[in-house]
Amino acid sequence: EELIRFAPLIRSISQSVTIIIMSHGNLSGDNLYEIAGPQGRFHGWKRYAETWQLGLDLRVESEIRHSSIDVVCVMSEEESVLERWLGAKQVVVLPRTINFNPVSWAPIKGRAGFVGTLNHTPNRAALEQIFSLLAKRSENAIQIHLVGRPSEIGNELQKKYPFVRYLGSLNDEELMMEAQTWSVFLNPIFWLSRGASMKLAQALGWGLPVLTTTSGRRGYRLPSGVVAQTEDNAVDFCNALIGLLNQPVECEKLSKSLANKTNKLTTVELLGLELRDAFS
């Protein structure tokens, strides 16, 4: 997707070559939220400049799909619809894979965790909404452990909300040891942002109970009952989070369900067969 502007040049060299792009979402989708979303990054005069750029990007994305691209591979059914709207001739859905390698889960009651880039708009917007709602609730036993960068945002959230503990940026081993203590792994995404959540694959690979949203699980083909899922809003997410933390048995059910259905998780071999079928 990042190299899409080379497609017309390749097409001019050969009309017979098949040109395929691997897409993790069109850029215009993210920029639309940054311009129009309530917690987008673009304000004032910059919003007008970015609106102009958004129109140019959207035209280029569509124009090249119409003229030069044969196949677009996407990660979700939602994106396949968007690609057809942009003019893609053929779309193949290839969801993310999950490498199941469970950790020694030893959850601490009332503790949930989040890992991600804290100034990335989808993460920042979701956390701000969730923490604001939790601050109004009376459940004092809840703890949210926060992992990620930049540190100034993490420290600010910890200072503002007494139930948040900021742990900084952890390496892979440190994160695994920390996540083992989480009763619930949080994956809140409240709109169709670009790409698919890599942290969801990591959490499921570790065999942890996950609370996600409809948009948060986009890009994954999961069997029923392996994650707890809410609609794309902070109220539903907070209610589900409090419910899970108050009922540890429900968290255990999610973990056991995932372990029992690993044979239904997407593998590279299965995706290879699907891609082959698309060209047969």
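Residue numbers count from 1 along this sequence.
For Glu83, the side-chain hydrogen bond (donor to acceptor under 3.5 Å, both in side chains) partners two or more places apart in sequence, or in a different chain, are Arg65. Applying the ring-ring contact (aromatic ring centres under 6.0 Å, His included) test to Phe185 and every residue at least two apart in sequence or in another chain returns Trp182. For Thr212, the side-chain hydrogen bond (donor to acceptor under 3.5 Å, both in side chains) partners at least two apart in sequence or on another chain are Asn187. Partners of Asn239 by side-chain hydrogen bond (donor to acceptor under 3.5 Å, both in side chains), not counting sequence neighbours, listed by chain and number: Arg137. With sequence neighbours left out, the side-chain hydrogen bond (donor to acceptor under 3.5 Å, both in side chains) criterion links Arg84 to no other residue. Among residues two or more places apart in sequence or in another chain, the ring-ring contact (aromatic ring centres under 6.0 Å, His included) test is passed with Tyr161 by Phe131, Phe163. With sequence neighbours left out, the ring-ring contact (aromatic ring centres under 6.0 Å, His included) criterion links Trp105 to no other residue. For Ala278, the side chain to side chain contact (heavy atoms under 4.5 Å, CB included) partners at least two apart in sequence or on another chain are Gln90, Val92.
Using a 4.5 Å heavy-atom cutoff, the side chains of Leu244 and Ser183 are not in contact. Counting heavy atoms from C-beta on, the side chains of Ile144 and Leu241 come closer than 4.5 Å. Residues Leu133 and Phe237 are not in side-chain contact: their nearest non-hydrogen atoms beyond the backbone lie 4.5 Å or more apart. Looking at Ile130 and Phe190, their side chains come closer than 4.5 Å, going by heavy atoms from C-beta outward. Between Leu204 and Leu222, the closest side-chain pair of non-hydrogen atoms falls below 4.5 Å. Using a 4.5 Å heavy-atom threshold, the side chains of Val93 and Glu77 count as touching. Inter-residue side-chain proximity for Val60 and Ile64 is flagged as met; some heavy-atom pair is nearer than 4.5 Å. A heavy-atom distance below 4.5 Å is found between the side chains of Arg11 and Val17.
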**Message:** Is there a side chain to side chain contact (heavy atoms under 4.5 Å, CB included) between Glu152 and Asn155? Walk through the geometry before answering.
**Reply:** CA-CA 5 Å; Glu152 55 266 26; Asn155 288 323; 5.8 Å; no
**Message:** Show, in sequence, the C-alpha distance, side-chain angles and deciding distance for Gln129 and Val235, and conclude whether the side chain to side chain contact (heavy atoms under 4.5 Å, CB included) test is met.
**Reply:** CA-CA 9 Å; Gln129 292 178 52; Val235 173; over 6 Å; no
Test log, rule side chain to side chain contact (heavy atoms under 4.5 Å, CB included), inputs Lys199 and Phe114:
CA-CA 9 Å; Lys199 57 181 174 286; Phe114 173 89; 3.7 Å; yes
task: Apply side chain to side chain contact (heavy atoms under 4.5 Å, CB included) to Glu79 and Arg218, showing your working.
output: CA-CA 9 Å; Glu79 286 168 327; Arg218 191 176 101 260; 3.2 Å; yes
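Linking Ile, Leu, Val, Met, Phe, Trp and Tyr residues whenever their side-chain heavy atoms come within less than 4.5 Å places Leu134 and Leu118 in a single cluster. The cluster map of Ile, Leu, Val, Met, Phe, Trp and Tyr, joined by side-chain heavy atoms under 4.5 Å apart, puts Val147 and Leu208 in the same cluster. Both Leu211 and Ile142 are part of a single hydrophobic cluster, where members link through side-chain heavy atoms under 4.5 Å apart. Transitive grouping of hydrophobic side chains (ILVMFWY, heavy atoms separated by less than 4.5 Å) brings Leu175 and Val210 into a common cluster. Cluster annotation: Val164 is connected to Leu127 through the hydrophobic network of ILVMFWY side chains, with a link wherever side-chain heavy atoms come within less than 4.5 Å.
Checked by atom type and distance alone, the side chain of Ser257 pairs as donor or acceptor with a backbone atom of Gly225 at under 3.5 Å. At distances below 3.5 Å, at least one donor-acceptor pair connects side-chain atoms of Thr213 with backbone N or O atoms of Ile189. A donor-acceptor pair under 3.5 Å is absent between the side-chain atoms of Thr266 and the main chain of Thr97, judged by distance alone. Within the 3.5 Å criterion, the main-chain N or O of Ser224 finds a donor-acceptor partner in the side chain of Lys261. Side chain of Tyr220 to main chain of Ser197: a donor-acceptor pair is present (N/O by atom type, distance under 3.5 Å, no hydrogens or angles). With Asp232 contributing its side chain and Thr214 its backbone, the two residues share a donor-acceptor pair below 3.5 Å.
With respect to the salt-bridge test (charged N to carboxylate O, under 4.0 angstrom), the residues Arg165 and Glu178 do not qualify. Salt-bridge check for Arg124 with Glu156: failed, with every basic side-chain N at 4.0 Å or more from each acidic carboxylate O.
For CG of Asp172, the number of neighbouring non-hydrogen atoms (other residues, nucleotides, ligands) closer than 6.0 Å is 12 at most. In this structure, Glu174 places its CD atom where more than 12 heavy-atom neighbours from other residues, nucleotides or ligands lie under 6.0 Å away. In the displayed structure, Lys89 atom NZ is contacted under 6.0 Å by more than 12 heavy atoms of other residues, nucleotides or ligands.
In this structure, CG in Leu167 is found 8.0 Å from CD in Gln158, a value given to the nearest 0.5 Å. The CZ atom of Arg194 lies 8.5 Å from the CG atom of Asn31; values are rounded to the nearest 0.5 Å. Taking CG from Leu258 and NZ from Lys264, the interatomic distance works out to 12.5 Å, rounded to the nearest 0.5 Å. Atoms CZ and CG, from Arg149 and Leu170 in turn, are 10.0 Å apart once rounded to the nearest 0.5 Å. Annotation: the span from Thr51 atom OG1 to Leu32 atom CG amounts to 9.0 Å, rounded to 0.5 Å. Once rounded to the nearest 0.5 Å, the distance linking OG of Ser80 with CD of Glu78 reads 8.0 Å.
If you run side-chain hydrogen bond (donor to acceptor under 3.5 Å, both in side chains) between Glu34 and each of Lys46, Arg47, Gln39, Arg41, only Arg41 comes through.
Taking both residues in full, the closest heavy atoms of Leu245 and Arg111 are given as CD2-O, 3.9 Å, listed atom of the first, atom of the second, then distance. Closest of all the heavy-atom pairs between Leu275 and Leu94 is CD1-CD1, 4.3 Å. Thr117 and Asn119 make their closest contact through CG2-OD1, 3.1 Å (heavy atoms, listed as atom of the first residue, atom of the second, distance). When all heavy atoms of Ser68 and Ile19 are compared, the closest pair comes out as O-CD1, 3.4 Å. In this structure, Ala201 and Ile98 approach most closely via the heavy-atom pair O-CG2, 4.1 Å. Scanning both residues, Thr230 and Ala240, for their nearest heavy atoms gives CG2-CB, 3.5 Å.
Counting only residues at least two apart or on different chains, the side chain to side chain donor-acceptor pair (under 3.5 Å) pairs with a member in residues 12-24 are Ser14-Ser16. Pairs passing the ring-ring contact (aromatic ring centres under 6.0 Å, His included) check and including a residue from residues 39-62, sequence neighbours excluded, do not occur.
When hydrophobic side chains of Ile, Leu, Val, Met, Phe, Trp and Tyr are connected at separations under 4.5 Å, Leu82 ends up as a singleton with no cluster partners. Clustering of Ile, Leu, Val, Met, Phe, Trp and Tyr side chains at separations under 4.5 Å leaves Leu192 isolated, with no partner residue.
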